[in-house]
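Atoms within a ligand are numbered from 1 in the order they appear, just like the ligands themselves.
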Amino acid sequence: MTTDLARSQQENTVDETLSFEEVIRVRRSIRGFLDKPVPDSVIREVLQDGQYAPSNCNTQPWNTHVVLGDRLKQLSALLHAKNDAGEFTPDFTFDQNNFYGEYRKRNDALGKAYYEAMNVMREDKDGRRRVGAMNYSFFNAPQAAFLFMPSFGDNVRVAGDMGMYGQTLLLSLAARGLGGIPQTALGFFAGTIREFLGIPEEFKMLFGISFGYVDEAAPGNRIHMDRVPVDTSVTFHA
Ligand SMILES: Cc1cc2nc3c(=O)[nH]c(=O)nc-3n(C[C@H](O)[C@H](O)[C@H](O)COP(=O)(O)O)c2cc1C
């Protein structure tokens, strides 16, 4: 006989049995989290998984800063203020105008899906700004990870390592029924975040990851981005 406790435990048990393929496909960028902190032990498990990411010459360059609770609220207020004032302090350049052809079309498709989900018209500049600023509320997540890295040469290979690490964290979250979103928008304020957290200048930041329990009802989570067919991306040579 199933007791109430057992039943509720079963219901609260996230899909630990997801196959590898399911984990990859279930992961998507989450733009709306519940105001419910993830237990420290689970955060540690996810970070432990991240340690297994591959890296150039085994440098394991990730220096991750997890920010929670009141400290995250303070950081959110600071980032909103800096964003409103247009005081950007990125470590790396970013210009969407660099996208061309198919790449630009794919970026446009994201913008369309995003603003439609949020009920904002394309020409509504204030609305778009408001929606963009949700990045600085961490989409309501009670915790966020800031992925800092040491600076080696032109940093391209370190950035590759950080991408591998970031995806490992995101898949680990997905496997636990949690969600996350990598955010270049946080990288626009790398200098501010470094100073706020007391991180030495030698460490640089490309992006952060807000993560937590998924708010299934949040409008931002209506976005599902398609993928181009594999033959568009892959060429076989034999
Ligand atoms: C490195 C990186 C940075 C990103 N930065 C942001 C961001 O600042 N804000 C945002 O809403 N989405 C951001 N995204 C999410 C992308 O828009 C998303 O991955 C893409 O549209 C594909 O959708 P999916 O992740 O749901 O599969 C970022 C993704 C990556 C990989």
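- In this structure, R27 is part of the shell of residues with a heavy atom less than 4.0 angstrom from ligand 1.
- Between F88 and F189, the angle of the ring planes lies from 30° to 60°, which puts this pair in the tilted group.
- For ligand 1, the atoms closer than 4.0 angstrom to any heavy atom of I181 are 10 (C), 11 (O), 12 (N).
- Near Q183, with a cut-off below 4.0 Å to any heavy atom, the atoms of ligand 1 are 5 (N), 6 (C), 7 (C), 8 (O).
- The closest protein non-hydrogen atom to atom 9 (N) of ligand 1 is N135 OD1, 3.1 Å.
- No donor-acceptor pair closer than 3.5 Å links the side chain of D215 to the backbone N or O of G32.
- Here the side chain of N63 pairs a donor or acceptor atom with the backbone of P61 at under 3.5 angstrom.
- R227 counts as a contact of ligand 1, since one of its heavy atoms falls under 4.0 Å from the ligand.
- Taking CE from M205 and CG from L186, the interatomic distance works out to 5.5 Å, rounded to the nearest 0.5 Å.
- Taking a cut-off of under 4.0 Å to the non-hydrogen atoms of R28, the atoms of ligand 1 that pass are 26 (O).
- Comparing R31, R106, M134 by heavy-atom distance to atom 16 (C) of ligand 1, the nearest is R31.
- Side chains of D161 and S55: no donor on one and acceptor on the other come within 3.5 Å.
- There is no protein heavy atom closer than 4.0 angstrom to atom 20 (C) of ligand 1.
- Note on ring orientation: taking the six-membered ring where Trp is involved, the planes of W62 and Y165 are parallel (angle under 30°, cut-offs 30° and 60°).
- With 3.5 Å as the limit, one finds a donor-acceptor pair spanning the side chains of N58 and Q60.
- Counting heavy atoms closer than 4.0 Å to ligand 1, residue M225 contributes side-chain atoms (C-beta onward) but none from N, CA, C or O.
- Closest protein heavy atom to atom 3 (C) of ligand 1: T184 OG1, 3.1 Å.
- At a heavy-atom cutoff of 4.0 Å, ligand 1 is contacted by no atom of I223, backbone or side chain.
- The shortest N or O to N or O distance between S29 and ligand 1 is below 3.5 Å.
- If you check each of A185, P182, A109 against atom 28 (C) of ligand 1, the one with the closest non-hydrogen atom is P182.
- Proximity of a side-chain donor or acceptor of N135 to a complementary backbone N or O of G132 within less than 3.5 Å is detected.
- Residues F211 and M162 fall within the same hydrophobic cluster, defined by Ile, Leu, Val, Met, Phe, Trp and Tyr side chains chained together at heavy-atom separations under 4.5 Å.
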